[in-house]
Amino acid sequence: MPNETKRDRLGELGALNPRPESVRAPWFRESTFFDPLDLVQVKYEMLRHAQEGGVNKADAAALFGLSRPTYYQAEAAFEREGIAGLLPRTRGPKSAHKLTDEVMKLIEQNQHVGAPLQARSLAELLHSTLGISVHPRSIERAIARKKKR
């Protein structure tokens with residue numbers, strides 16, 4: 001996008017600070033280099049301020065408009081992964097974790113060849129047989145993925 005602003009891009013990446021006005025560090029107000037909208041930069045500067053400035057962690061978190069738990073999460077992520085640890089993570093499951101090989105086998109056994117896919121009835125079968133709740137659309141996507149392979 002040619003007219004995309006930094007704010008738009010930060011929003012797309014999940015790195016837009018939802019409360020930039022709460023960043024009270026003076027250098028974020030006095031310099032164009034420091035951007036209170038950039039949550040990764042805010043977290044990094046918070047960690048650096050506590051580490052290099054000798055400020056306690058709670059005060060550093062407050063100065064940057066973040067909570068103490070956020071400070072500790074950012075600190076652990078930074079120690080583990082460096083600056084990349086401060087980047088936002090996608091939330092939620094990363095794959096169809098309920099659709100294990102056993103579940104897919106049961107789906108395949110109950111799917112009639114040539115007949116239209118009955119995802120809703122397969123979801124009910126999984127619930128009654130295995131006691132797991134799977135959305136019918138998840139079943140449709142899993143079968144489509146399997147056909148692609």
Side-chain angles (χ1 to χ4, degrees), residues 1-25 28 34-52 55-149:
M1 293 180 144
N3 294 331
E4 186 175 51
T5 65
K6 181 179 179 182
R7 180 186 197 106
D8 295 334
R9 187 69 179 132
L10 289 170
E12 289 171 9
L13 295 171
L16 181 65
N17 188 354
R19 295 189 336 258
E21 69 283 352
S22 63
V23 178
R24 295 182 292 118
F28 272 83
F34 295 104
D35 186 357
L37 292 173
D38 187 341
L39 189 57
V40 174
Q41 186 180 44
V42 170
K43 286 180 179 181
Y44 177 79
E45 289 300 320
M46 172 187 66
L47 294 174
R48 194 178 69 78
H49 185 63
Q51 190 83 186
E52 302 296 320
V55 177
N56 76 40
K57 295 173 181 185
D59 290 343
L63 182 65
F64 288 87
L66 300 170
S67 66
R68 275 189 14 220
T70 299
Y71 178 94
Y72 289 110
Q73 290 167 357
E75 182 180 49
F78 186 75
E79 287 175 6
R80 202 174 45 249
E81 302 172 51
I83 196 88
L86 301 180
L87 292 168
R89 298 277 192 266
T90 55
R91 294 181 170 95
K94 309 301 182 255
S95 63
H97 62 282
K98 291 182 182 178
L99 298 175
T100 62
D101 290 338
E102 174 192 5
V103 173
M104 287 305 293
K105 190 180 228 178
L106 184 63
I107 288 172
E108 289 167 10
Q109 289 170 351
N110 288 283
Q111 184 181 351
H112 305 292
V113 179
L117 177 64
Q118 298 293 322
R120 180 167 281 129
S121 62
L122 289 170
E124 290 169 3
L125 175 73
L126 293 176
H127 190 269
S128 63
T129 308
L130 301 174
I132 60 170
S133 267
V134 178
H135 194 277
R137 184 68 184 117
S138 296
I139 294 170
E140 291 169 358
R141 285 193 302 263
I143 290 171
R145 275 192 307 273
K146 192 156 181 101
K147 283 182 183 177
K148 272 188 175 179
R149 289 187 209 144

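What you see is a predicted model, and the numbers here were worked out from it, not measured in a lab. Position 1 is the first residue of the sequence; numbering continues from there. Values below: all heavy atoms of this structure, side chains included; hydrogens, waters and symmetry mates excluded.
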Note to self: Apply side chain to side chain contact (heavy atoms under 4.5 Å, CB included) to residues Gln41 and Tyr44 and explain how you reach the verdict.
What the structure shows: CA-CA 5 Å; Gln41 186 180 44; Tyr44 177 79; 5.7 Å; no

Full working for side chain to side chain contact (heavy atoms under 4.5 Å, CB included) between Val55 and Leu63 = CA-CA 10 Å; Val55 177; Leu63 182 65; over 6 Å; no

*Would Lys105 and Glu102 count as a salt bridge (charged side-chain N to carboxylate O under 4.0 Å, His left out) if you check the C-alpha gap in whole Å, the side-chain angles of each, and the deciding distance to 0.1 Å?*
CA-CA 5 Å; Lys105 190 180 228 178; Glu102 174 192 5; over 6 Å; no

Starting from the C-alpha separation in whole Å, work towards a yes-or-no answer on side chain to side chain contact (heavy atoms under 4.5 Å, CB included) for Met104 and Ile107. CA-CA 5 Å; Met104 287 305 293; Ile107 288 172; 4.0 Å; yes

Query raised in the report: Between Val103 and Leu126, is a side chain to side chain contact (heavy atoms under 4.5 Å, CB included) present by the stated rule, with each step listed?
Result: CA-CA 8 Å; Val103 173; Leu126 293 176; 3.7 Å; yes

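Taking a 6.0 Å sphere around CD of Glu81, one finds it holds more than 12 heavy atoms contributed by other residues, nucleotides or ligands. Within a 6.0 Å radius of CZ in Arg141, other residues, nucleotides and ligands contribute more than 12 heavy atoms.
Looking only at distances, a side-chain donor or acceptor of Arg24 sits under 3.5 Å from a matching main-chain atom of Ala62. Under the 3.5 Å distance criterion, the side-chain polar atoms of Ser128 are matched with a main-chain donor or acceptor of Leu125. Not a single donor-acceptor pair under 3.5 Å links the side chain of Lys57 to the backbone N or O of Ala50.
Considering all non-hydrogen atoms of both residues, Ala74 and Leu86 come closest at O-CD2, 3.6 Å. Across Val42 and Pro36, no two heavy atoms sit closer than the pair CG2-O, 3.8 Å. The nearest pair of heavy atoms linking Thr70 to Ser67 is OG1-OG, 2.8 Å. Nearest heavy atoms, Ser138 versus Leu99: O-CD1, 3.5 Å. Between Asn56 and Asp59, the closest heavy-atom pair is OD1-N, 2.7 Å. The two residues Leu47 and Phe78 make their nearest non-hydrogen contact at CD1-CB, 3.7 Å.
How far CZ of Arg120 is from NE2 of His135: 8.0 Å, rounded to the nearest 0.5 Å. For the atom pair CG (Asn17) and OG (Ser22), the distance works out to 6.0 Å, reported to the nearest 0.5 Å. Considering CG of Asp101 and CG of Leu106, their distance stands at 12.5 Å, rounded to 0.5 Å. Going from atom CG of Leu122 over to atom CD of Gln109 covers 11.5 Å, rounded to the nearest 0.5 Å.
You'll find the side chain of Leu39 reaches within 4.5 Å of the side chain of Leu66, heavy atoms only.
Using a 30° and 60° split on the angle between ring planes, Phe34 and Phe28 fall in the tilted class, from 30° to 60°.
Considering Leu16, Asp35, Leu37 as possible partners of Lys6, the one that fulfils the side-chain contact (heavy atoms from CB on, under 4.5 Å) test is Asp35.
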